[in-house]
Trainee: 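Quick one: the structure is below, questions incoming.
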There are 2 protein chains.
Amino acid sequence: MKIRKEYTCPLEIIHDILKGKWKTVILWQINHLKKVSLSQLEKDIKGISQKMLLEQLRELREFGLVDKINYEGYPLRVEYFLTEGKGEKIIEALEIMQKIGREYIEEQKKKNTDKKVGN
Amino acid sequence: MKIRKEYTCPLEIIHDILKGKWKTVILWQINHLKKVSLSQLEKDIKGISQKMLLEQLRELREFGLVDKINYEGYPLRVEYFLTEGKGEKIIEALEIMQKIGREYIEEQKKKNTDKKVGN
DNA sequence: CGGTATCCTTCGCGATACTG
DNA sequence: CAGTATCGCGAAGGATACCG
């Protein structure tokens, strides 16, 4: 369990929520597919292991960003999805950051072409 | 250097931007104080070492979220501040996440009092 | 005061094997 | 298909000493 007993500052949680290599990508992907199975996520998120995926999904659920439904019967089937409140809200934050990411990429490209051109 | 040579996906950057225990807190604190010296940040951010602070500040500067001014003369003096574009923008994202953090804290409190009451 | 370098510990995470 | 358990390595991060 990586979640602390108690938080005093909301900022500490921000860190824990997005801590780890995969959380943001998982959230992003779930938002993209809306309702998605474990195996689907595993296919779509390149390089992630099932163990990591499950670990991170569990944490995201504990924070109330993600939820899941277990369907009865065989073969087993589950659906992961963002929670209406916090889950969908955090996508807004990720979108802002994603734009900043784009800006950064653009700047780097520009720097590189400038270098090649002359200086 | 923890920043990669090149990014293909903006989401990878989101992770790198907020990676590490301290980045969000540092950004938050700089935003709060607007222009701030290293020693001031060190005092205000509880538990951080000077080494970590400088390390993270450097990364934030490389991403263009933070910038600094070096003043001439002794004693040495610098001022760290958020960049107008990306720096101030990311605060919006942090604010959203901070609210989610608050929600989570409230829920936990409620759960605890409910437990005490009965069940 | 601001910043760099080094050493050492802890923990994230990948690989792998196993269960219902 | 969904999920748990174990183990080992490398990176993150804390402490500390030193430089301009």
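Order of the sequence lines fixes the chain letters, A, B, ..., with proteins taken first and strands second; residue numbering starts at 1 for each chain.
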Trainee: Starting from P on dA17(C), measure out to CG on Leu54(A) and report it in whole angstrom.
Mentor: 18 Å

Trainee: Is there a residue in residues 33-42 of chain A whose heavy atoms reach under 4.0 Å of DNA chain D, and which residues are they?
Mentor: Ser37(A), Leu38(A), Ser39(A)

Trainee: Please determine whether the number of non-hydrogen atoms from other residues, nucleotides or ligands lying under 6.0 Å from atom NZ of Lys68(A) exceeds 12.
Mentor: yes

Trainee: I'd like to know whether Leu57(B) forms a side-chain contact (heavy atoms from CB on, under 4.5 Å) with Leu41(B), so could you lay out the CA-CA distance, the side-chain angles of the two residues, the decisive distance to 0.1 Å, and finally the verdict.
Mentor: CA-CA 11 Å; Leu57(B) 279 170; Leu41(B) 281 173; 4.2 Å; yes

Trainee: Would you tabulate the nitrogen or oxygen pairs shorter than 3.5 Å linking the protein to nucleotides 15-20 of chain D?
Mentor:
none

Trainee: Would you call Glu84(A) and Lys89(A) a salt bridge, using N to O less than 4.0 angstrom?
Mentor: no

Trainee: For dC1(D) and Tyr80(A) - does any side-chain N or O of the residue sit under 4.0 Å from the phosphate oxygens OP1/OP2?
Mentor: no

Trainee: If I take atom CD1 in residue Ile69(A) and atom P in nucleotide dG3(D), what distance separates them, rounded to the nearest angstrom?
Mentor: 13 Å

Trainee: Grab the NZ-P distance between Lys46(B) and dG14(D) for me, whole Å please.
Mentor: 15 Å

Trainee: Take Leu57(B) and Trp22(A), find for each the nucleotide of DNA chain C with the closest heavy atom, and name the residue whose nucleotide sits nearer the 5' end.
Mentor: Leu57(B)

Trainee: Please check the phosphate of dG3(D) (OP1 and OP2 only) for any side-chain N or O of Lys68(A) closer than 4.0 Å.
Mentor: yes

Trainee: Between Arg61(A) (CZ) and dA2(D) (C1'), how many Å, whole number?
Mentor: 11 Å

Trainee: Is any side-chain N of the basic residue among Arg77(B) and Glu79(B) closer than 4.0 Å to the acidic one's carboxylate O?
Mentor: yes

Trainee: Show every salt bridge (charged side-chain N to carboxylate O under 4.0 Å, His left out) that has at least one partner inside residues 22-50 of chain B, sequence neighbours left out.
Mentor: Lys23(B)-Glu59(B)

Trainee: Look at Lys21(B) and dC11(C) and indicate whether a side-chain polar atom (N or O) is within less than 4.0 Å of OP1 or OP2.
Mentor: no

Trainee: Between C1' on dG2(C) and CD on Glu79(B), what's the gap in Å once rounded to a whole number?
Mentor: 14 Å

Trainee: Begin with the C-alpha distance, continue with both residues' side-chain angles, and end with the deciding distance and a verdict on side-chain contact (heavy atoms from CB on, under 4.5 Å) for Trp28(A) and Gln98(A).
Mentor: CA-CA 10 Å; Trp28(A) 198 259; Gln98(A) 196 246 26; 3.6 Å; yes

Trainee: What is the distance, rounded to the nearest whole Å, between atom CZ of Arg58(B) and atom P of dG3(C)?
Mentor: 11 Å

Trainee: For Ile48(A) and dG3(D), give me the distance from atom CD1 to atom P, rounded to whole Å.
Mentor: 13 Å

Trainee: Same cluster or not: are Val36(B) and Val78(B) linked, directly or through other Ile, Leu, Val, Met, Phe, Trp or Tyr residues, by side-chain heavy atoms under 4.5 angstrom apart?
Mentor: yes

Trainee: If I take atom CG from residue Leu60(A) and atom CG from residue Asp67(A), how far apart are they, to the nearest 0.5 angstrom?
Mentor: 11.5 Å

Trainee: side-chain contact (heavy atoms from CB on, under 4.5 Å), that's the test. Do Ile45(B) and Trp22(B) meet it? Break it down for me.
Mentor: CA-CA 9 Å; Ile45(B) 300 174; Trp22(B) 300 106; 3.8 Å; yes

Trainee: Over how many whole Å does the gap from Lys19(B) atom NZ to dC11(C) atom P extend?
Mentor: 19 Å

